[in-house]
Structures are given as C-alpha cells and as structure tokens.
Asks: 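Pasting a structure here, questions to come.
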Amino acid sequence: MIEAPTAAGTQSAAPPVWNAADVRRDFPILHHVDRPVAYLDNAATSQKPDAVIAATTRYYKSANANIHRGVYRLSVEATDAFEAARTKVAAFIGAPDRDELIFTGGCTESINLVAMTWGLENLRKGERIILTQMEHHSNIVPWQLLAQRTGAVIEVVPISAAGELDIGAYQQLLTQKAALVAVTHISNVLGTINPIAVMSKMAHEHGAKILVDGAQSVPHMPVDVKQLGCDFFAFAGHKMCGPTGIGGLWAPRGILEAMPPYQGGGDMISTVEFAGSTWNKIPHKFEAGTPNIAGAIGLGAAVDYLSHLDMRQVAHIEAQLLAYAEKQLQTIPGLRFVGAAADKASVISFTLDGIHPHDIGTILDQEHVAIRTGHHCCQPLMDFYHIPATARASLAFYNTPADIDALVNGLRRVIEVFA
Amino acid sequence: MIEAPTAAGTQSAAPPVWNAADVRRDFPILHHVDRPVAYLDNAATSQKPDAVIAATTRYYKSANANIHRGVYRLSVEATDAFEAARTKVAAFIGAPDRDELIFTGGCTESINLVAMTWGLENLRKGERIILTQMEHHSNIVPWQLLAQRTGAVIEVVPISAAGELDIGAYQQLLTQKAALVAVTHISNVLGTINPIAVMSKMAHEHGAKILVDGAQSVPHMPVDVKQLGCDFFAFAGHKMCGPTGIGGLWAPRGILEAMPPYQGGGDMISTVEFAGSTWNKIPHKFEAGTPNIAGAIGLGAAVDYLSHLDMRQVAHIEAQLLAYAEKQLQTIPGLRFVGAAADKASVISFTLDGIHPHDIGTILDQEHVAIRTGHHCCQPLMDFYHIPATARASLAFYNTPADIDALVNGLRRVIEVFA
Amino acid sequence: MSDLRDLYQQTIIDHTRRPRNFRPMPDADHHARGHNPLCGDRLELYLKLSGDRITEATFTGAGCAISTASASMMTEAVKGRTIAEAQLLFEKFRILLTTPIHENVSLDGLDKLEVFGGVREYPVRVKCATLAWHTLEAALKRDDHEAKTE
Amino acid sequence: MSDLRDLYQQTIIDHTRRPRNFRPMPDADHHARGHNPLCGDRLELYLKLSGDRITEATFTGAGCAISTASASMMTEAVKGRTIAEAQLLFEKFRILLTTPIHENVSLDGLDKLEVFGGVREYPVRVKCATLAWHTLEAALKRDDHEAKTE
Ligand SMILES: Cc1ncc(COP(=O)(O)O)c(C=O)c1O
Ligand SMILES: Cc1ncc(COP(=O)(O)O)c(C=O)c1O
C-alpha cells in the first residue's frame, strides 16, 4: 500500500493535503452500511458529498421559488442563490466574466447547444469539423447531425497505439477549410490529457474555432479556460460532485452575443409579440424556461467543496493513486492496458486475455468492486483498437489504495472463475 | 372562512378527502420557522413534500450511479429506479405505453424538442401553426424560431374579454393549411381550462396535429392523454411537487418513432461510426447524455404523492378554495379580475385601480404573502387586455382559507398605503 | 424587516398620484423611450436644452409607483442643470440606491431625491427607480435605442 | 447475494472456452447477424434446413462468456429439431431467465440449457443469454436485419 499522502510529499507551494479518511466521511454513500463498495466508476458519474446533498435539500425546504420574475423575498433569495452559483462555477473554470457561463442540463446538452446555434449559423457546405478518434459519442453525434443539415464534413484526428493525438495530422487537417475543432480535454477511456492550449493556438492560426469537451477534466484538475485558449468549453455537474441534470457551457461574451438563441421560451426573451420577439442579454438568452434551480445551487456547493479541497491537491492525490493502481495491476497475468499516454489522468482501461470485459464487471460486482465495462460511449475508439469493449476503473480523490487492492483481488478471482 | 373540506362535501364516488393540516405537514417550507409565508405563487412553481426531497436525497446517499450502461448492482438499481419513475409518470398522465414518455428538462424543453424534430421535419413554407392569444412564451417562441427556419406562418386564435377561446375562429383557422395546433391546457394567467378534447377532434378532422401545453393542468386535475386525444403533451415536474430540471413529453409511439432525434450523444444511439450513426429505440432516442436521474426519481415520488392524494380530490379542494377566494376578493374596492372563464382553475389574476401590480407584490411580500406580479411570460395576453401586468394569486391544494384571508388583508393594507 | 413606509414614503405616493411634468413635448430637442421588461413599465422622456443646460423635462407613460415618482422627481431635479450636473446627480442617486447606508460618501445635492433611499432594501425595485435616469442618459446621447433596465 | 458459480457454471465456462459448432458455413440456407450494443457482442448464425427441420447450426463472433456459451449450447440444442420445436425451446428458455424460480411452469426439455437459470439473478445479463436465440429467430424469418437485444 502507498502511504496516505502527507504535506511532506507535495511541492512546497501547494497547501498541505487533506486526509483521505476525512474526505471519505463527507460522502454518505461510501460508508453506506448495506453495501460498502469500492466505487471505481467515477468517469461515469461521481459520488456526492453531504454539502451538495444538503444544499439542494435546504433550497427545497426553505427557499424554493421560481426565479428572475418574482418581487417577493423567497423568489429574490432563490434568484440570488442561483446567480451566486453561476458566479462560483464561472470562477472555478477561470471564466473572465460570470455572464459567460450558461447553465445547461449537462455536457451533452452544452455541445448540442453550440452545434445547433453557432454551428447552424456558421458552418457552410464543404467546411470541416475536426474531431478526434477518442471522442465520446456526445462529442460526435451532435456534429454528425449538424453535418447532415449543413453539408459540412467531419474529419478525424488519428491517434497512436498509446492513445495520443497525432498533432502532425491535426496540423494537416487544419489547412483544409477547417471551421471548427471539437476535442475532448481528457479521454474518458484512455485517460489521455490532450494538449489543448497548443491545439487552440493552432486552430486559431487557421481561423478555426475550438470546442473543448471538459466532462473529464473539470472534476480532476485545475481548469482555466483562458489558459486553454478555447472558444467553447462544455462540462457536466454530475461528474464533479454535483447533482444530475446540470452542466455548463462557457464561451466568450462576443461569441455568445453573436449566437442565435437555442431553445425559445420564458426568461430568454426581452419582448414577445406574435409579430416577432427580441432576446434577453446573456446568459439568459440561452436559458429558456425554468432552469434546474436546485441543480445549479447544488453545483455551486460542489464547486465550493472542490475549491476547499484545492484542485491541485485533487490532481496530486489522483496521480498517486493512479501510479499505485498501474503498478498493482501489472501483477495480473494477461492484463493489457488500453491507453498509455505520457500525460494521463486517473482512468485505467484494460482487457484480460480470453475474458470478456462484461464478465469481468459482473464478477467484480460480486466482489463489491464497481467498475464500468463496455464501449464507454466511444465506439469509434473501440473500433480503432479492434476490441468490442474494455473494462475501466476510473479513480477519484476519495478512492484509497484499499479500493485498488479490492480491484486487484477481484481480478484474481475473475481469473480463477475462468481457469 | 370555509370549512376544511370533508368527505360529506364531495361526490359519493370520490374517496374521502384528506385534512388540509395533515397535508401541510408534508411540506417543510410551509412551516419554516424563520418565515411562514402564504405561498400563492403555485403557477410559477409548487412547493415540495418531504417524500420528494427524501427520494432524491436517498438516491444520492445510497444508490447514485450512472444508468443504462453499468453491469454492477448500483448502476442496475439506479437504472431500475429511473425507469420505474418513467412508468409511474406515464401512468399518471394516462399514457398507454410507458416507452412513450420522454424525460426532458422541463415543459419549455419538451415544446422545443417537438418544434426542432417533428416541426423541422414536417412543417412546410406557408403552412400554418395555430397558437392562441393566451399562450405562455414557452409555447410561442419555439414556434417563432421554427417559423423563421421553415417559412411556416403563425396564426392566433382570439379570445373573448372573459378569456375564453373563440372556437368559431379556431374552426376557421383550421381550414387554412393548418399543420399544427399548439395550445395550453390551462392558462397560467387566466385560469381558463381549454376544451382540448373538442379541439383535438377538430384539429384531426383538418389533418392537423395538436400539441398541448400541460404545465398548468397536470398539477391541478386528473389528466388522461387518451381522453384529450392530442398528439403531443408537454409538462413540467417543478410545478407538480417535483424537482426542478425535470419534465416530460408524451406522444404516441408511431409519431415518436418517425421523428428524427433531438440532441445527439450517449445513450440515444445504437451504433456510432464516423461514417454515420443509428438511433436507439424510444424513449432513449430522445434522451441524449446523462439524464437528470435524481430529478426523474423525485418526479416519480411526486407522482406517488399526488396519486395518493388523488387528483380528483386535489381539483375538488382547489375549486373550493377558488370559490372562497373569489368571494373574498370581491369585497376589495377597485379590484378587477382578469379572466372569468366558465371553466376555470385556481389561478386568479387581478388589478387594483390606480395601483401598479409591482407595488402590490412588494407590499404583500411585507405582509408575508407571496404572489406573482408582471406579465407572467404572457406578453401577448397583456397586450390583448391593454395592461402592462397583473397581480396573480395561484392556489394549490395545500393552501388554506387562512392564506386567502392573509391575501385579502394584505390588499387592504396596499390600499391604505396608497390612500 | 424594514418598514413599508421606508419605501413608500409620502413624497413618493404623492408624486405617483400626481406626477409633475407629465405631458408630451412635441417640440422637444431630445427624446427617448424607456422600458423595464420585468414589470412592463414604459416611459417616454422629452428634453429641451439651451446649450448644454436642460431647460425643460417632461415625461409620459405607465409604471409602478417607484418608477413614476422617480420620473416625476427627476424631471424636477434636472431642470436648470447642465448635462454634466445631471450625470453627476444620477451617479449619486445610483449610489444612494445600491450602497450600504453607512458608507462614507457624500450624497450632498440629492435633496428631495433622498426619499428613494428606502429602495436600497428592495434590490428588485432598484430598476424601477433608475428607469427614468437610464432614459435620460439615452435621450442625452440622442440614442434612438430604447433604454432598458434589463 | 447469490454465488458466482450459479452464474458461471462449469458447463458455461467450458462452452465459452471451447465453443461447439464455432465456424462459418458458406453453404448455409439461413444466416443472420446479432448485435448487443450494450456490450458490443456480435455473432453470426448459420443454419441448414431440411424441410422445416434444422439439420445444422453453426456460429462465429465475439462476445462475453454468457453469450458465447449460450450460442454454443443453442446450436447443439436446436440441431435435429423442427422450427416450431426450436421456437418453443426459446420460449421456455426465456421463461427460465426471467421468471421467478418458484413459478409452476414446466420447463421440461430445456435439459442442459438449465445451467442458464443463474442468469435470472443478473437482469442485465439476460440480453447476453438471449442474443443467440434472437438471432436464430431472425435467421428463420430470413430477416436481413440485424437482431438486436436493445
Ligand atoms: C402554461 C405554461 N407553459 C409553459 C411553462 C414553462 O414551463 P417550464 O417552467 O418547465 O419552463 C409554464 C411555466 O412557467 C407555464 O405556466
Ligand atoms: C468525455 C465525455 N464527454 C461527454 C460526456 C457526456 O456528458 P453528460 O454525462 O453530461 O451527458 C461524458 C460522460 O458521459 C464524457 O465522459
């Protein structure tokens, strides 16, 4: 086992790290009596700390009202809480202006919003949308739907066997009428951390815009959209200790103001007449109807919680866990890692020779270890590796070496069953 | 004061009614110590019973996992809970088939979904979309956006001074290349209950489809989409004791299966290749990405709660409260009701001579009475009545005659201030 | 909880019920429309200038008590002032409405406008009180766009 | 919790590791593809018929232990049966997988297929066990569409 990380182990600039046991106490499900589980499916969704659950409960019990339209106190308080959450979330990803942060239903909706507004308005027949071989279906299908409508063409940046983008090929693709690059910050299968800042710069040199799918990065590392230099940044609340049904989209004010609205309805308008309507200012222009108020407030609480832990520490702890896990997993006969990028987050995909991932998942579940098996919404990536599926253990800061030991022991049991 | 309703006051067929005090105990916010409020803004959003808050809390504390893709127990349980909620909600609105119920982010999103899928596919230049003068912006703006893209034309069914639809004019409009009727079941300003079953029949006789905005009906009366005979039915969870960020869309299987998908992403696909993708079966085809799992489970709990109360009883109690409120409000000098339909739900819009609604709202708030003032997302309806705004008290089954007395006393105070 | 009378001071009620300078001015030098979409308040403002001095100000429209009284008292307050003086007055007025009461800023010169101090306790009503002033700014810029508080 | 060995019975492991009738059949009378998008299982089924009797059945493809063993044992089980008999067998197999164990239905004739009874405790795995059978149905219908479990 590795030691629980201590202040001594970290760079002097970083604040002292917290204690894993303390952090685990914040997550009720991790000490759920009926069924304590080694939860290693964090890339699918994260668990929720008490602070987040309590924030939404508190809202419903003492401040629930619809927002932005009421003069009475309850509604003003709900509006203030909702807008305070926006300010927090915007700051968490380094947005220069809190009005640039749009609340959506999740990362998938954020990407669809861009495709159906900016995309429909700007993509021309024959222009290129550049994706990569490692994209999640949520960063592929919206562009396919857009391409169908506009006649734009999808191009794919290839990857190496290790799961790293071929930047030379990317450079090449950019020269061919590239209008938009849509790329994941971190692969949810391989763990690869893509060099977004460089890719943004290259995209802009060729006059292309760049959208970053941050579903897997915001929960696991410090993110600053200014440093990334991208034009759109999409992410999901439920993967970063927040509630389900809430996510975010960031883009600079100039782009958002020029974009047509997405959905029509209450709150996104300034005036409505049957002869025509005018739109509200950003961010409200893109938030039609009653939003997920409790969800936004819960996400605000999640951001407070993560900020308190400090995302540099989160990344540091997860890197230690990853190193331990990779070392231990290497002792399993027939285990092959899928993805070996130099710059890698705490996602471990693997296969076991002669044993289908689906069977691995079922047997590990019996051993109280929860991992994901399947294509992970990345069928094109599976096709690239010529495998139908992988087993994937994805770690979060509240995991422990003991969780990894449970995984390793579980895998030995899998091999036994099939022996 | 009217008596608390009793079994004796109801039709013999109906089950005995519950006690208002018992019901109020279910809603933590109604006995919130800091600030007990006469909450009369139920048309904007409803309050939440403990059962709903507890259902989402329980999910996060003991069963949180992503759904539809995991082989491990936690994920299977989350999937089961999510799909059980679908079954409940579908049954609650009388859907013949639980797969016909699509979870959305709210009523606004449900309507936008229809506009951007069925609408984009079926509306031709010059064809008519028939709305009414009393529609909410959420049932106007999506059709304006669609009309802009397709060249379809919006027509408006006029209303009488009492706030009832002119069915003769509707009949007339149907003869002019009508492709779609989009009408609210209950007006959120006037309380008018529109004759949907008749209107559906008329629409179908002219080959038009009909979408019903059920945001205000599902929370207040028994709803059966089969009896309504409509083609699309949209509603919002947060107005029916459910969480924010969740809503529903119902349409018959045949229509849904023929519709193109809405958003692209995980879960809505069957296969994804860069050369092209194929779609999952309904309802999943329309639920891209991680849905609002906790929200759906909470909405399922809301439906359980309302079913337990019995929607016939809910409607009955609210009708009694409405009658009492209208009688009491008539004693206020200078008060004018806006909306006097024969068939009317428990929404009361009014003005006070010489006093702006905004000032009414602020003063009532000081008196611990929460009502809404403004255009209620119905600017065209305000234009019809040549008023900038109304004051609106909207009742729910957990309101009491005492809440109405507080409103009436508060209005006397308003008049005093301006005397 | 603050007293209602802090917001609805007698002066405000008085100006709401009998707004001063409440008429159109067909030969105005400057003119602008104001709109608060939240509550539907609409007003039109008319100005006559001599050099950079406002010699006359009138308004029409329909709004809540706060916005009507504010427009009424603003037309009184800016008459005879230069554009720069009117702008300074708006600045002070805005501070009055939005800054905690104990801050040590001089709000000398607001005079009667100080009755709007109570609005500070009602943040959603600040837009009502400033609508007329935003419209004034728009009119002075000869800005044909509507002034909006939202 | 149920014992793992209820699911992964030795017979199933054996058929997974050495699937019977695992080869393409170029001169098949009937042929269909099956796909389980959830786990990526894919198989191809080949049949030879004499009249309405299945005389030969083979398959190829890649899948999990349950789906591979199920395909292997299905090809053995249907050989020599009529189409109607095979359909009846699928019906019984489906009941075995999905109906609580104490129900009083006769599942006579399943014979070796009864080793799949443990799948009942793993609802997400039912699709794995039935994929081969759905593909059989598709092949017998001469249906050119892929059989899908989802
Ligand atoms: C009649 C009506 N339609 C639509 C809506 C919008 O629904 P949602 O709150 O889900 O955006 C509302 C409520 O705001 C409404 O009252
Ligand atoms: C890389 C990546 N992009 C997008 C998504 C989809 O986000 P959401 O869960 O908000 O639909 C996910 C997670 O499923 C993901 O891992």
Side-chain angles (χ1 to χ4, degrees), chain A residues 28-29 32 37 44-45 47-48 53 57 60-62 64-66 69-74 105-106 108-109 112 137-138 140-142 144-145 154 156 236 238 243-246 263-266 269 271-274 277 288-290 292-295 358 361-362 365 370 372-374 377 379-380, chain B residues 28-29 32 37 44-45 47-48 53 57 60-62 64-66 69-74 105-106 108-109 112 137-138 140-142 144-145 154 156 236 238 243-246 263-266 269 271-274 277 288-290 292-295 358 361-362 365 370 372-374 377 379-380:
Chain A
I29 206 171
H32 188 252
V37 152
T45 200
Q47 295 304 340
K48 321 301 174 200
I53 303 171
T57 301
Y60 285 132
K61 291 199 174 181
S62 66
N64 174 67
N66 214 324
R69 282 170 276 172
V71 294
Y72 58 87
R73 215 156 290 220
L74 212 52
T108 300
E109 179 166 62
N112 278 274
H137 294 164
S138 290
I140 297 174
V141 184
Q144 291 183 324
L145 295 174
I154 288 173
V156 181
H238 70 93
T244 56
I246 188 83
Q263 300 185 339
I269 55 87
T271 57
V272 175
E273 295 177 15
F274 285 116
S277 300
T290 306
N292 188 349
I293 305 171
H358 216 158
T362 295
D365 181 41
R372 183 133 310 212
T373 62
C377 294
Q379 288 183 6
Chain B
I29 206 172
H32 188 253
V37 153
T45 200
Q47 296 303 339
K48 321 301 174 201
I53 302 171
T57 302
Y60 285 131
K61 290 200 175 180
S62 66
N64 175 66
N66 214 324
R69 281 169 278 172
V71 294
Y72 59 87
R73 216 154 288 222
L74 212 52
T108 300
E109 179 165 61
N112 278 275
H137 294 164
S138 290
I140 297 175
V141 183
Q144 291 183 323
L145 295 174
I154 287 174
V156 181
H238 70 93
T244 56
I246 187 81
Q263 301 184 339
I269 56 86
T271 56
V272 174
E273 295 177 15
F274 285 117
S277 300
T290 305
N292 188 348
I293 305 170
H358 216 156
T362 295
D365 182 41
R372 183 133 310 211
T373 62
C377 294
Q379 288 185 5

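Each chain gets a letter, A, B and so on, in the order the sequences are listed, and its residues count up from 1.
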Asks: Under the rule for side chain to side chain donor-acceptor pair (under 3.5 Å), what residues qualify as partners of A/T373, not counting sequence neighbours?
Replies: none
Asks: Would you say the side chain of B/D365 lies within less than 4.5 Å of the side chain of A/V71, judging by non-hydrogen atoms?
Replies: no
Asks: So which of B/P243, B/G264, B/G245 has the largest heavy-atom pair count under 4.5 angstrom toward chain A?
Replies: B/G264
Asks: Heavy-atom cut-off 4.5 Å, strictly under: side chain, backbone, both or neither for A/Q144 against chain B?
Replies: side chain
Asks: When heavy-atom pairs shorter than 4.5 Å are enumerated against chain B, which of A/S138, A/G295, A/G106 gives the highest number?
Replies: A/S138
Asks: Which of the residues A/A370, A/C377, A/G374 is involved in the greatest number of heavy-atom pairs with chain B at under 4.5 angstrom?
Replies: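 Heavy-atom pair counts peak at A/A370.
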Asks: Between A/I293 and B/H238, is there a side-chain heavy-atom distance shorter than 4.5 Å?
Replies: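 Of all side-chain heavy-atom pairs linking A/I293 with B/H238, none is under 4.5 Å.
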Asks: Would you mind checking which part of B/Q47 comes under 4.5 Å of any heavy atom in chain A, side chain (CB onward), backbone (N, CA, C, O), both or neither?
Replies: both
Asks: Please name the pair of heavy atoms, one in B/Y60 and one in A/K48, separated by the smallest distance, quoted to 0.1 Å.
Replies: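 Minimum heavy-atom separation between B/Y60 and A/K48: CD2-CG, 3.4 Å.
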Asks: Looking at every non-hydrogen atom in both residues, tell me the closest pair between B/R372 and A/N66 and how far apart they are.
Replies: NH2-O, 3.6 Å
Asks: Once side chain to side chain contact (heavy atoms under 4.5 Å, CB included) is applied, do any residues pair with A/A65, and if so which ones, sequence neighbours excluded?
Replies: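 Once residues adjacent in sequence are excluded, the partners of A/A65 under the side chain to side chain contact (heavy atoms under 4.5 Å, CB included) criterion are A/Y72, A/L74, A/S75, A/A78.
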Asks: For A/N112, is it the side chain, the backbone, both or neither that has a heavy atom under 4.5 Å from a heavy atom of chain B?
Replies: side chain
